[in-house]
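Numbers restart at 1 for each chain; the letters A, B, ... are given by sequence-line order, proteins then strands.
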Amino acid sequence: MLDIQLLRKDAVLVAERLAARGFAFDTARFETLEAERKTIQTRTQEAQSRRNTLSKQIGMMKGKGEDTTAVMAEVAGLGDEQKQLETRLSELQAELNDFLMGVPNLPHESVAVGKDETANVEVSRWGTPKTFDFPVRDHVDIGESLGQLDFEAAVKITGSRFTVMKGGLARLHRALAQFMLDVHTAEHGYTEVYVPYLVNADSMRGTGQLPKFEEDLFKVPFGLEDPSAAEQARIAAVGVDSSREPVRQKHFYLIPTAEVPVTNLLRDEIVAAEALPLKFVAHTPCFRSEAGSYGRDTRGMIRQHQFDKVELVQMVKPEDSYAALESLTANAETILQKLGLPYRKMALCSGDMGFSSAKTYDLEVWLPAQNTYREISSCSNFETFQARRMQARFKTGQGKPELLHTLNGSGLAVGRTLVAILENYQNADGSVTVPEALRPWMGGIDRLTTA
RNA sequence: GGAGAGGUGGCAGAGUGGUCGAAUGUACCUGACUCGAAAUCAGGCGUGAGCGCAAGUUCACCGUGGGUUCGAAUCCCACCCUCUCCGCCA
């Protein structure tokens, strides 16, 4: 969420900066809402103040045993108008809030202006793609002919965009996650955390997945299965009870990334300034509906409804966040380097960045079978955008609480890393060499074979 | 799933319809005393929002959401969460 003070001060400037990322900010609507909010809020508070004063006066008079009927008659007449004002004010505030919740973050000044991924800027490249003296196969062919990757089984059990892995490949998948966790905790100073995979709507709002991107999420109902039936039964038994709100269906959401539960650790918290930076790493499955990506990456493990990821999250002081973005990205790069996987680092342009991000680097790994680089990590600085939604703050001494900055990045997507290893380390005989760095986590196995 | 207890400021803990945003203790900050520290004494010390150049001032917040009332931390309803016991269970 953007700073409403900034919008009040200069909505036109904000609109311009948002235009750079292809978002049309409705300045007129904002100003209309804001103007009405201002007058209604002032009038509401005046009415409340009047009522409070008179009510206190009644209290005082009763304490002295005086007659209060005159004052009570006066205050009784105030109720209706005040009620209306309060109702209107909360409507307006809800409207303004909904409006603001749908506005994306402002791009950082260092972000190139552009419409889509074609305007992204290559920052650096690491490693040289291997040349193969045999026909290169993709990870699906390699995995299936090893007998260790089974999409048909996954389709039977669940459906498309799921995977079954077996044997050495399943172990490689586990080894990758363990390896990443160990590197980030032992060498990069992150604290490992284990978190829920189902979260509530407040958490999703905190990191920005809600309210705009609900269709990308898996929503899991629980509790009352049929609230309308339950409500009808209640009304039949008790009659309409105005003091009770209707029964509502409850639900959780499956996390699309560990960013959600981990970043929300700081929701509604005020930490001491000395506690920053906080650096967390978590290995979790991620669940994405992939609505709207029908027909894209349908083959293989690139785009799945369920995949594992090791996620890096940092909470830092505002002045440190851009340095933190560089180091967090470097932490993710370390994994690729240790695994000997060629990659390039892209600075996303304004139009290609995610909703909540002020600046994003994508790491793209070389995939020989696709003869191209594919995203394997995305590292972003959200500045105060998430912190403001979450009320995640820090405080120096007796000072005022201040919003902190949040960052996160994949370190790395485990499934895609597995794909990259299969394709980059494939051999002519159909086997796959296990990268040197991974062998301690593979019990010393140096090669995946059919045997 | 059954029975019971409870959710108040960083923590502890009063408050059961009225000058209560909330006693008191403790922690913390500032000052005094001290060579310095401890102890002691004095003052300060929640969050969000509005208006205002500012000083300041107004509103909201006692698990959450409704309701009753001129007035709710306090009464009523629902929900959430925590704890104890029983049952079941990965």
Side-chain angles (χ1 to χ4, degrees), chain A residues 1-9 33-83 85-97 100 194 196-203 205-206 222-224 227 230-235 237-252 266-275 384 387-404:
Chain A
M1 186 150 68
L2 297 181
D3 184 2
I4 194 164
Q5 307 290 355
L6 183 65
L7 281 160
R8 286 182 184 139
K9 220 178 298 163
L33 277 172
E34 176 57 15
E36 198 189 346
R37 186 233 96 220
K38 189 165 173 169
T39 52
I40 297 291
Q41 180 158 358
T42 306
R43 285 173 56 196
T44 305
Q45 291 191 357
E46 277 166 5
Q48 286 168 329
S49 180
R50 206 155 53 232
R51 186 219 40 212
N52 288 349
T53 310
L54 289 172
S55 290
K56 270 188 184 165
Q57 199 184 333
I58 292 170
M60 273 192 287
M61 290 170 77
K62 285 212 167 173
K64 289 187 217 154
E66 295 171 22
D67 178 51
T68 58
T69 47
V71 191
M72 281 176 70
E74 189 186 345
V75 77
L78 298 175
D80 277 356
E81 195 206 351
Q82 185 183 327
K83 193 104 199 162
L85 283 168
E86 281 173 359
T87 306
R88 182 65 192 139
L89 180 61
S90 65
E91 280 168 12
L92 276 167
Q93 283 177 330
E95 241 175 290
L96 255 175
N97 189 56
L100 287 174
Y194 172 85
Y197 303 156
L198 285 164
V199 300
N200 56 38
D202 282 341
S203 293
R205 269 190 288 273
F222 78 106
L224 288 160
E231 183 64 5
Q232 276 165 24
R234 190 186 65 77
I235 289 169
V238 189
V240 177
D241 176 358
S242 63
S243 72
R244 196 169 186 255
E245 284 222 289
V247 177
R248 265 192 288 268
Q249 172 74 64
K250 292 184 295 186
H251 51 262
F252 288 138
L266 270 281
R267 174 152 54 89
D268 295 323
E269 299 289 336
I270 301 174
V271 298
E274 303 80 63
T384 57
R388 185 170 292 108
R389 291 169 164 240
M390 290 192 299
Q391 286 300 303
R393 291 163 295 170
F394 71 98
K395 190 161 86 162
T396 313
Q398 299 283 97
K400 274 254 179 296
E402 210 183 319
L403 293 170
L404 46 77

Next on the checklist: Return the pairing partner of B:C79 with a 3.5 Å limit on both distances, Watson-Crick or G-U wobble; otherwise return none.
Outcome noted: B:G63
Checklist outcome for this item: Pairing partner of B:A42, by Watson-Crick or G-U wobble and under 3.5 Å for both distances, is B:U30
Next on the checklist: Is A:Arg37 close enough to B:C51 that one of its side-chain N or O atoms is under 4.0 Å from OP1 or OP2 there?
Outcome noted: yes
Item to check | A:Val75 or A:Lys38, whichever maps to the more 5' nucleotide of RNA chain B | outcome: A:Lys38
Next on the checklist: So, does A:Lys56 get its side chain near the phosphate of B:G71, meaning an N or O under 4.0 Å from OP1 or OP2?
Outcome noted: no
Checklist entry - Under 4.0 Å between a side-chain N or O of A:Ser49 and OP1 or OP2 of B:C59? => result yes
Checklist entry - Counting only side-chain N and O atoms of A:Asn52, is one of them less than 4.0 Å from OP1 or OP2 of B:G71? => result no
Next on the checklist: Applying salt bridge (charged side-chain N to carboxylate O under 4.0 Å, His left out) as the test, list every pair that has at least one member in residues 38-55 of chain A; sequence neighbours left out.
Outcome noted: A:Arg43-A:Glu81
Checklist outcome for this item: Of A:Gln41, A:Gln93, A:Glu36, the one forming a side chain to side chain donor-acceptor pair (under 3.5 Å) with A:Arg88 is A:Glu36
Next on the checklist: Any N or O donor-acceptor pair under 3.5 Å from the base of B:G18 to the side chain of A:Lys62?
Outcome noted: yes
Checklist entry - Under 3.5 Å, is there a donor-acceptor pair between the side chain of A:Arg393 and the main chain of A:Ile270? => result no
Checklist entry - Do A:Ser49 side-chain atoms and A:Gln45 backbone N/O form a donor-acceptor pair below 3.5 Å? => result no
Checklist entry - Counting only side-chain N and O atoms of A:Gln82, is one of them less than 4.0 Å from OP1 or OP2 of B:C59? => result no
Item to check | Under 4.0 angstrom between A:Arg43 side-chain N/O and B:C59 OP1 or OP2 | outcome: no
Checklist entry - OP1 or OP2 of B:G48 sitting under 4.0 Å from any side-chain N/O of A:Arg393? => result yes
Checklist outcome for this item: Picking from B:C59, B:G71, B:G48, the nucleotide nearest the side-chain atoms of A:Pro401 would be B:G48
